[in-house]
Amino acid sequence: MNGSFRLSMTWLHNWGGLVVGWLLFCVFLTGTTAYARHEITRWMQPERVEAADSPNAAAAAIATLSREAPQARRWLIMLPDERETATQVYVYNRPGVQPGFRRLTLEPADGRPVQARATYGGDFLYYFHFDLRIPGVAGRYLVGIAGVALLVALITGFVIHRRVFWDFFAFRPNRSRTRLWMDVHNALGILVLPYHALITVTGLVPLMLLYLPWGLQAAFGDRPAEFNAAVYAEPMPPAASGRATALAAVEPLLAEAARRWDGGRPGRVVVDNPGDAAATILVKRTDADRVVITPEAILFDGTTGAVRKVWDGTGAAAATRAGAYGLHMMRFADAPLRLAMILCGLAGTAMIGTGQVYWIIKRRKREATASFGLRLADGANLAVMVGLPVAIAAYFWANRLLPDGLAGRETLEVVAFFAAWLLAALHPVLRGVQRAWGEQMAAAALLWIALPLVNALTSHAHLGVTLTRGLWGVAGIDLTALAAGALFTLLAWRRFHAAHRHIDQPREALLRRGL
């Protein structure tokens, strides 16, 4: 980093962006799918594609749990809404009782177990975008480092491209291939720059206590339960009394919570010590009806229904953190806003990808013979920018092709994802990087274009059904697959055309010389 300040920033932007660019591409692409997390899950469970919400979901779930898990120490009930149409229930058993934890998916209307194929759905891609599915917290640290690096890249990019706004409006029809990639990279960076800055900064907020735990340690020491109760409205459950007592009806408690929240909808019900005299019922407000998702909750006595404690979400620090978190998650967004966020996320993904490609093209012009490091970086570009979409397509294909009743099928879907990605990474080693680009783009085009056809042949939730019945969220998965297939078809055609033109150049030179 010797030389002028601008040259130093150029070095930092280029090399810093290259090192974390592949990771950022993965984070942005899978993070973009998180805006359609519930729609992806509904697509991957075609048996429930037309399921509807029910106002009696909490009571129906409690009735089922009272029969199926009466001795559990805690029931956690995630209430359905217009996007997540099933009731998600988590049962925590008492120490010594196996299994210690289990998850149930129930029908909102009557509490029956959902009859649908087992799948992780959109949750797998959602969790991948911030922990890379690496056990422990290593993946979250890597994503945090990449987020900080992206902030640095955004700042240094402005320092480097002093004429970026002028160049953005410049018309250069005869630009070189190198200049074209740079212009596209700059244009994508400028078009959705506010989104890039917002999503990067707010993305660090949900995990800030992992990265900066010292304030928590100074204030609460070794008492994390007090912190959870004060900040997240998650109080420690009381000890069971051992006296059996009927649980209070939950409907009046939900109505009381909605009244106190001026019509705000409950989203979560936590029942501790069900069927015991020391039972409590915690009702927490949903995140889907507000931007600043401060913890708003009411703790009720589980037998009498009396209010024990109220969390109102006040406080500047809590509001700042909750506002940033809410803007990152965008759970409040309606369909048009979510679509806009998806387009911004794809623009950010493309910005990162074009920057990686531009680095390769620029270095290749400087080297008479491509070095091992350049070939390695080019192969990494292919494995990430084309290999990851291929892996996601394989994940969807596995969902449709694996037998519905197969044991562990949700895990096998994930295995298909990583197996396809591994094959995509090995492909350039076996075929050569230049040849592999076109072949892998063609494979991606085929996988994505054929996905709606496979869906139509293996389920009743195809475009003919979802479009005619106005199920736009689910239909959007098939439509996106067609758009992705069309894009990869265009890229594959251009790649093969460029390769043939490169092969024909020596022949044309000989003809010009009369040989």
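What you see is a predicted model, and the numbers here were worked out from it, not measured in a lab.
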| message | Once you measure the plane-to-plane angle for Tyr232 and Phe227, does it fall in the parallel (<30°), tilted (30-60°) or perpendicular (>60°) bin? | response | perpendicular

| Heavy-atom closest contact (Ala393 atom, Leu447 atom, distance) | CB-CB, 3.9 Å

| task | Mind checking the CG-CG spacing from Leu188 to Leu193? Nearest 0.5 Å is all I need. | result | 12.0 Å

Under 3.5 Å donor-acceptor pairs involving side-chain atoms of residues 197-207, not counting sequence neighbours:
{"unit_1": "Thr200", "atom_1": "OG1", "unit_2": "His196", "atom_2": "O", "d": "2.6"}
{"unit_1": "Thr202", "atom_1": "OG1", "unit_2": "Leu198", "atom_2": "O", "d": "2.6"}
{"unit_1": "Thr202", "atom_1": "OG1", "unit_2": "His328", "atom_2": "ND1", "d": "3.2"}

| field | Straight-line distance of Asn93 CG to Arg102 CZ, nearest 0.5 Å | value | 6.5 Å

| message | Determine whether Glu84 and Arg42 satisfy the following criterion, salt bridge (charged side-chain N to carboxylate O under 4.0 Å, His left out), listing intermediate values before the conclusion. | response | CA-CA 8 Å; Glu84 173 53 83; Arg42 291 179 66 188; over 6 Å; no

| remark: Shortest non-hydrogen pair, Thr349 vs Leu29, comes out as OG1-N, 3.6 Å

| message | Return the CZ to CG distance between Phe396 and Leu401, rounded to the nearest 0.5 Å. | response | 13.5 Å

| Judged by modelled atom types alone, do Thr286 and Arg268 share a side-chain donor-acceptor pair under 3.5 Å? | no

| field | By side-chain hydrogen bond (donor to acceptor under 3.5 Å, both in side chains) - contacts of Glu68 (at least two apart) | value | none

| message | Show the nearest heavy-atom pair for residues Glu39 and Ile477, with the distance to one decimal. | response | O-CG1, 4.1 Å

| field | Sidechain N-carboxylate O distance under 4.0 Å for Glu256, Arg259 | value | yes

| request: For the pair Arg73 and Asp272, find out whether any cationic side-chain nitrogen is under 4.0 Å from an anionic carboxylate oxygen. | output: no

| query | Is Trp421 reaching over with its side chain to a backbone N or O of Ala383, donor-acceptor style, under 3.5 angstrom? | reply | yes

| task | For the pair Arg290 (side chain) and Thr294 (backbone), establish whether a donor and an acceptor sit closer than 3.5 Å, ignoring hydrogens and angles. | result | yes

| query | Atom OG of Ser54 and atom CG of Leu79: how far apart are they, to the nearest 0.5 Å? | reply | 10.5 Å

| request: Would you verify whether the NZ or CZ of Arg133 falls within 45 degrees of the ring axis of Phe128 while also being under 6.0 Å from that six-membered ring's centre? | output: no

| request: Only one of Glu47, Glu410, Glu413 passes side chain to side chain donor-acceptor pair (under 3.5 Å) with Arg117; say which it is. | output: Glu47

| task | Quick one: closest heavy-atom pair of Ala278 and Asn273, and the distance? | result | O-ND2, 3.6 Å

| said: Strictly distance-based, threshold 3.5 Å: is any side-chain N or O of Asn455 a donor or acceptor partner for the main-chain N or O of Ala461? | reply: yes

| task | Please determine if Arg400 forms a cation-pi arrangement with Trp43, meaning its NZ or CZ atom is less than 6.0 Å from the six-membered ring centre and no more than 45° off the ring axis. | result | yes

| Nearest heavy atoms of Ala248 and Ile281, plus distance in Å | O-CD1, 4.2 Å

| For Trp75, which of Leu247, Val269, Leu104 qualifies under side chain to side chain contact (heavy atoms under 4.5 Å, CB included)? | Leu247

| request: Evaluate salt bridge (charged side-chain N to carboxylate O under 4.0 Å, His left out) for Glu296 paired with Lys284, printing each intermediate quantity in order. | output: CA-CA 6 Å; Glu296 297 185 28; Lys284 303 186 74 171; over 6 Å; no

| task | Output yes when a side-chain donor or acceptor of Asn228 lies under 3.5 Å from a complementary backbone atom of Ala233, and no otherwise. | result | no

| field | Candidate pair Gln88 and Thr105, rule side chain to side chain donor-acceptor pair (under 3.5 Å), full reasoning | value | CA-CA 5 Å; Gln88 302 295 335; Thr105 303; 3.1 Å; yes

| said: Treating Trp311 as the side-chain partner and Ala229 as the backbone partner, does any N or O pair qualify as donor plus acceptor under 3.5 Å? | reply: yes

| said: Any carboxylate oxygen within less than 4.0 angstrom of a Lys/Arg side-chain nitrogen, looking at Arg112 and Asp110? | reply: yes

| Quiz item: cation-pi between Arg331 and Tyr35, 6.0 Å / 45° | no

Listing, residues 144-155 side-chain donor-acceptor contacts under 3.5 Å, not counting sequence neighbours, or none:
none

| request: For this output row, return yes or no: ring centroids of Phe25 and Phe28 closer than 6.0 angstrom. | output: no

| Between the side chains of Gln71 and Arg94, is a donor N or O closer than 3.5 angstrom to an acceptor N or O? | no

| task | Establish, yes or no, whether a centroid distance under 6.0 Å links the rings of Tyr120 and Tyr127. | result | no

| Euclidean distance, Tyr126 OH relative to Thr30 OG1, rounded to 0.5 Å | 11.5 Å

| request: Calculate, to the nearest 0.5 Å, the distance between atoms OG1 and NE2 belonging to Thr466 and His462 respectively. | output: 8.0 Å

| remark: Nearest heavy-atom approach of Gly387 to Ala424 is CA-CB, 3.6 Å

